[in-house]
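Only one structure is covered here, and it is reproduced in the block below.
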Amino acid sequence: MGNTAMNAPASKPTTASQTHTTCPYCGVGCGVTVQHAGQQVLPVSGSLSHPANSGRLCVKGSALHETLSHDGRLVFPQLNGKHASWDDALNIIADKIQQVIHTHGPQAVAFYGAGQMLTEDYYVANKLMKGFIGSANIDTNSRLCMASAVVAHKRAFGSDTVPGCYEDLELADLLIFTGSNAAWAHPVLYQRIAAAKQQRPDMKIVVIDPRRTATCDIADLHLAIRPGTDAVLFNALLVYLADSGQLDEDFIARHTNGFDVALEQARNDCQSLQHSADLMDTDAALLLQFFDWFARTPRTVTLFSQGINQSASGSDKGNAIINVHLATGRIGKPGATPFSITGQPNAMGGREVGGLANQLAAHMDFSGSERDRVRRFWNAPKLAERPGLKAVDLFQACARGEIKFLWIMSTNPVVSMPEADAVKAAMAQCELVVVSDCMADTDTTRVAQVLLPAASWGEKNGTVTNSERRISRQRGFLPPPGEARPDWWAICEVAKRLGFAPDFAYQHPADIFDEHARLSAFENNGQRDFDLSGLIGLSRYQYDALKPVQWPVSDQYPHGRARFFDDGRFYTDNQRAQFIPVNAQLPRPRSGGDLLMNTGRVRDHWHTMTRTGKAPRLAQHRSEPYAVFHPADAAARRIHAGQLVHIRNERGTLLLRASLSNEQRRGEMFVPMHWTSLFASNARMGTLINNDRDPHSGQPEFKITAVQASPCTTRWQGMLLSRQPLHPLPCTYWAAGVTEQGWFYLIAGDNDAADFVKDIQPQLPAGQWQTLSDPAQQHERRVLLLAGKLECVMMLHRKERFLDRQWLQERFADAEISAADRMSLLAGRPAVHVDTGNMVCSCFQVGSKQIEHALHAGHSTVAALGQQLRCGTNCGSCIPEIKALLQQARCEVAL
Ligand SMILES: Nc1nc2c(c(=O)[nH]1)N[C@H]1C(S)=C(S)[C@@H](COP(=O)(O)OP(=O)(O)OC[C@H]3O[C@@H](n4cnc5c(=O)[nH]c(N)nc54)[C@H](O)[C@@H]3O)O[C@H]1N2
Ligand SMILES: Nc1nc2c(c(=O)[nH]1)N[C@H]1C(S)=C(S)[C@@H](COP(=O)(O)OP(=O)(O)OC[C@H]3O[C@@H](n4cnc5c(=O)[nH]c(N)nc54)[C@H](O)[C@@H]3O)O[C@H]1N2
Ligand code: SF4
Ligand SMILES: [Mo]
């Protein structure tokens with residue numbers, strides 16, 4: 001267990017060298033056990049006792065100890081790029097807030113936070129803004145992530161309640177993933193589901209996703225629907241259930257309102273099964289198969305994520321899903337529930353504290369009595385009277401000059417917001433922008449005047465709540481570097497300078513958690529779902545020792561509650577669930593290009609890469625920003641696999657590596673969201689996304705953007721390896737990744753290759769150069785040795801050539817390059833060369849070619865390959881890809 005004081009090292013470790021904490025990445029919320037010897041952190045492992053993962057970790061979780069270096073950290077406050085004292089920085093912030101309130105009113109002040117803040121950080125940020133500054137202009141990146149699901153829940157249940165739990169996903173006889181690539185985005189939960197299916201092969205899995213993803217690996221059926229048509233599908237399903245007599249009439253009559261209107265609306269949209277299939281551009285027979293399974297399977301779970309939420313009609317899609325569950329009474333029962341999975345580690349905690357601009361704390365909102373209750377509890381006469389600006393509106397208000405002061409915490413909007421360049425320009429219109437971050441250089445810190453250094457994962461204490469409402473402790477085990485401080489501390493210090501000292505006099509996150517629990521219980525009497533009355537008054541020691549627990553924790557549920565609505569009681573005025581009539585609109589036609597760009601996640605990276613970008617093993621699986629095309633779309637544009645491509649629309653241009661796949665529908669392409677200006681020349685995809693958003697939730701439509709694609713030819717392409725970081729590089733295209741001993745760069749240029757080499761050489765130390773040059777061919781190879789060690793390698797050619805990076809990268813570890821290897825360096829490969837292929841297993845660094853060789857040698861199951869090569873035997877995140885190689889080999893044999 002962790003700190004009791006802000007900066008102190010662990011005071012009460014579980015053993016002399018062990019801390020139990022929670023993974024800072026996805027909403028699965030896995031328990032992580034950290035072994036450490038003093039300041040040295042050993043490889044992490046999954047906590048056996050944590051109910052979310054029972055010892056498992058995915059590849060990102062397993063690499064956590066590789067992300068703890070202080071490289072690039074923001075270690076002291078900065079004012080216009082210069083070191084400032086905390087006192088000066090906090091005074092400047094407080095003075096500015098006061099001046100802005102005085103001159104323009106509280107509505108000219110805004111905060112923008114994230115579902116990665118700990119509950120305690122989030123609570124005080126929300127309390128300061130809504131309670132004491134007196135405006136509700138605090139929104140969060142959860143607007144980009146969960147806001148549509150929140151609206152759907154509140155409309156249907158009267159509360160933002162996730163009804164089910166992880167066990168339901170294992171108990172289901174039919175599990176539907178819609179708009180979720182859980183194999184990559186929620187890997188440990190996906191593995192739990194895969195294990196359940198292995199035990200009960202009759203369990204059916206359906207994936208609804210325009211792309212064929214790694215999640216389809218365990219699917220019995222994949223419906224590759226036209227993007228944005230999920231509401232058509234679930235409306236058609238409602239009609240099918242009604243017409244085939246598969247409704248739970250009793251549940252509908254006793255526990256719901258509005259069924260007839262919702263069914264009538266669905267009927268209007270669904271003239272026939274074939275008509276719906278045509279709207280979805282899918283096969284009517286497959287659709288019927290899915291409807292039939294659904295109708296016949298009481299234990300059904302529908303898990304939904306960003307393919308549903310990030311849509312201009314995301315709230316309606318969420319309700320179309322909930323409607324079919326209510327119509328069949330499949331809610332609140334083991335193995336039967338709609339399940340909105342959360343993305344960030346504390347997306348759920350953010351909802352608890354009211355991080356969204358249209359909520360108040362503890363699942364209360366701006367209705368008269370609830371507002372009054374929060375006002376009395378906080379003793380906050382100036383409590384905001386009305387909801388504040390939602391993320392997109394908030395930045396638009398900045399652009400109009402209406403927001404004078406903006407404080408961004410724990411998020412990187414210059415990458416992750418739609419119209420990201422407009423967001424950047426909008427920030428420049430504010431009089432003062434403050435950014436709290438752990439990293440000194442991000443696309444967003446570059447636009448701020450004041451930077452506050454935040455303590456990071458492993459250095460701070462607090463709680464997070466995962467997708468099944470389970471609260472877990474994050475415990476610190478390292479001191480923060482330099483002057484970095486936890487976010488709650490910085491917020492409270494500003495509050496004190498604004499004159500609110502008595503209301504922000506917390507000494508420790510435990511004090512904040514206690515107030516949070518008290519507010520949840522205040523005048524609750526069972527009226528609000530979120531109730532932590534059973535966690536009030538914890539001592540510091542009890543808070544430190546808190547075991548993972550699902551809320552509510554109350555007299556009635558002292559050990560938490562796995563399922564809501566098992567009693568048929570909802571949180572609406574009449575305690576009945578509400579059907580929402582859904583007018584299944586198709587996405588509006590787009591101008592700006594003839595391809596629809598879909599964006600999302602890759603397996604080994606987290607968002608804007610500020611943390612995963614530090615782990616060498618996570619840089620191997622996907623080493624460059626890329627765009628996936630259907631082969632026919634690529635051919636029509638003369639794009640070939642591995643070539644650089646321009647993706648553009650009226651808002652901007654990206655330069656990415658093309659990849660071709662039949663898993664992509666025609667007319668659509670996919671771009672990962674992760675690469676930023678820090679990691680690539682031109683891959684900040686938020687610049688292209690338009691501002692379309694859901695009218696109820698304000699959540700942007702990240703999954704559909706019209707773009708054009710064209711090949712980009714450069715005079716040369718190549719690779720650069722260096723012990724020292726050299727980016728940004730002076731060439732048309734570069735993408736950077738970290739290695740064990742330095743950096744790799746994939747590069748391309750329009751100048752002479754020899755000129756590029758000349759530009760780079762002055763940045764490198766003096767040493768012994770090996771050279772191979774053919775200027776007419778743009779062929780330049782250079783190797784730099786320094787005191788017998790490898791310092792830099794450049795390999796430039798006229799056409800892209802994918803040399804085996806691995807062997808050269810490994811040579812950087814050699815204390816002295818051997819005579820034999822010296823001869824081979826310019827060739828880029830050893831005399832006897834084994835190409836390992838694309839990285840598949842990041843944990844054991846096993847490439848596709850190694851797996852293919854083992855397959856040909858007769859190791860033809862995942863288990864046999866694991867025994868032979870160890871691939872897939874640690875975190876298991878790569879198993880879908882290993883299976884794809886197996887499948888491919890079987891097809892080749894069949895041919
Ligand atoms: N490795 C990794 N894991 C992560 C994260 C990360 O950055 N990296 N981020 C975390 C966060 S914050 C989040 S929110 C989650 C997101 O987790 P997911 O939502 O699972 O991830 P995405 O890749 O954004 O999108 C999911 C899928 O939606 C599909 N889709 C697009 N349009 C439609 C549509 O109209 N209908 C349907 N049915 N599907 C559609 C996409 O093709 C994509 O495969 O992941 C979390 N986990
Ligand atoms: N096109 C497209 N855009 C998307 C999405 C998509 O699917 N497609 N998904 C959206 C979704 S679901 C999400 S959740 C967002 C995510 O997007 P962001 O929230 O912008 O991405 P992160 O990289 O997680 O940013 C977190 C920042 O906080 C910093 N940080 C880490 N820990 C701490 C801490 O303890 N304190 C402080 N103060 N800072 C810290 C990190 O260094 C980093 O700079 O992106 C959204 N944008
Ligand atoms: S699934 Fe992976 S990223 Fe998500 S919480 Fe678990 S270890 Fe962390
Ligand atoms: Mo998210």
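All ligand and atom numbering here is 1-based and tracks the order in the structure. It should be emphasised that the depicted structure is a prediction, and the values quoted were computed from it without experimental measurement. In what follows, every heavy atom counts, from backbone to side chain, and hydrogens, waters and symmetry copies are set aside.
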With a 6.0 Å cut-off on the ring centroids, do [X] and [Y] count as close?
| X | Y | result |
| --- | --- | --- |
| Trp457 | Tyr25 | no |
| Trp675 | His605 | yes |
| His508 | Trp488 | no |

Numbering the atoms of ligand 2 from 1, which are under 4.0 Å from a heavy atom of [X]?
| X | answer |
| --- | --- |
| Ser436 | 37 (C), 38 (N), 39 (N) |
| Trp606 | 24 (O) |
| Ser416 | 3 (N), 4 (C), 17 (O), 18 (P), 20 (O), 45 (O), 46 (C), 47 (N) |
| Cys145 | 12 (S), 14 (S) |

Arg211 charged N/C atom sitting above Phe670 aromatic ring, 6.0 Å / 45° = yes
Between the side chains of [Y] and [X], is the shortest nitrogen-to-carboxylate-oxygen separation below 4.0 Å, so that they form an ion pair?
| X | Y | answer |
| --- | --- | --- |
| Glu881 | Arg603 | yes |
| Asp160 | Arg351 | yes |
| Asp487 | Lys460 | yes |
| Arg617 | Asp604 | no |
| Glu66 | Arg611 | no |

Does Asn649 reach the main-chain N or O of Ala706 with its side chain, forming a donor-acceptor pair under 3.5 Å?
-> yes
Donor-acceptor pair, Gln449 side chain versus Val434 backbone, under 3.5 Å?
-> no
Which part of [X] is near ligand 2, with near meaning a heavy atom under 4.0 Å away: side chain, backbone, both or neither?
| X | answer |
| --- | --- |
| Asp487 | side chain |
| Ile689 | side chain |
| Thr610 | side chain |
| Pro418 | neither |
| Trp457 | neither |
| Gln310 | side chain |

Quick one: does [X] get a heavy atom under 4.0 Å from ligand 2?
| X | result |
| --- | --- |
| Met117 | no |
| Ala347 | no |
| Arg601 | yes |
| Met146 | no |
| Ala114 | no |

Can you find an N or O of [X] that's nearer than 3.5 Å to an N or O of ligand 2?
| X | answer |
| --- | --- |
| Gln116 | yes |
| Gln306 | no |
| Arg611 | no |

Using only heavy-atom distances, determine whether the side chains of Gln699 and Ser311 contain a donor-acceptor pair under 3.5 Å.
-> no
Carefully, step by step, assess Tyr112 and Phe395 under the rule ring-ring contact (aromatic ring centres under 6.0 Å, His included).
-> CA-CA 10 Å; Tyr112 182 60; Phe395 284 99; 5.2 Å; yes
Could you list the residues that satisfy ring-ring contact (aromatic ring centres under 6.0 Å, His included) with Phe304, not counting sequence neighbours?
-> none
Contacts of atom 4 (Fe) of ligand 3 with protein N/O/S atoms, counting only those under 2.8 Å | Cys26 SG
Candidate pair Leu688 and Met597, rule side-chain contact (heavy atoms from CB on, under 4.5 Å), full reasoning = CA-CA 9 Å; Leu688 268 57; Met597 180 175 79; 4.1 Å; yes
Subset of ligand 3 atoms that lie under 4.0 Å from at least one heavy atom of Leu57 = 7 (S)
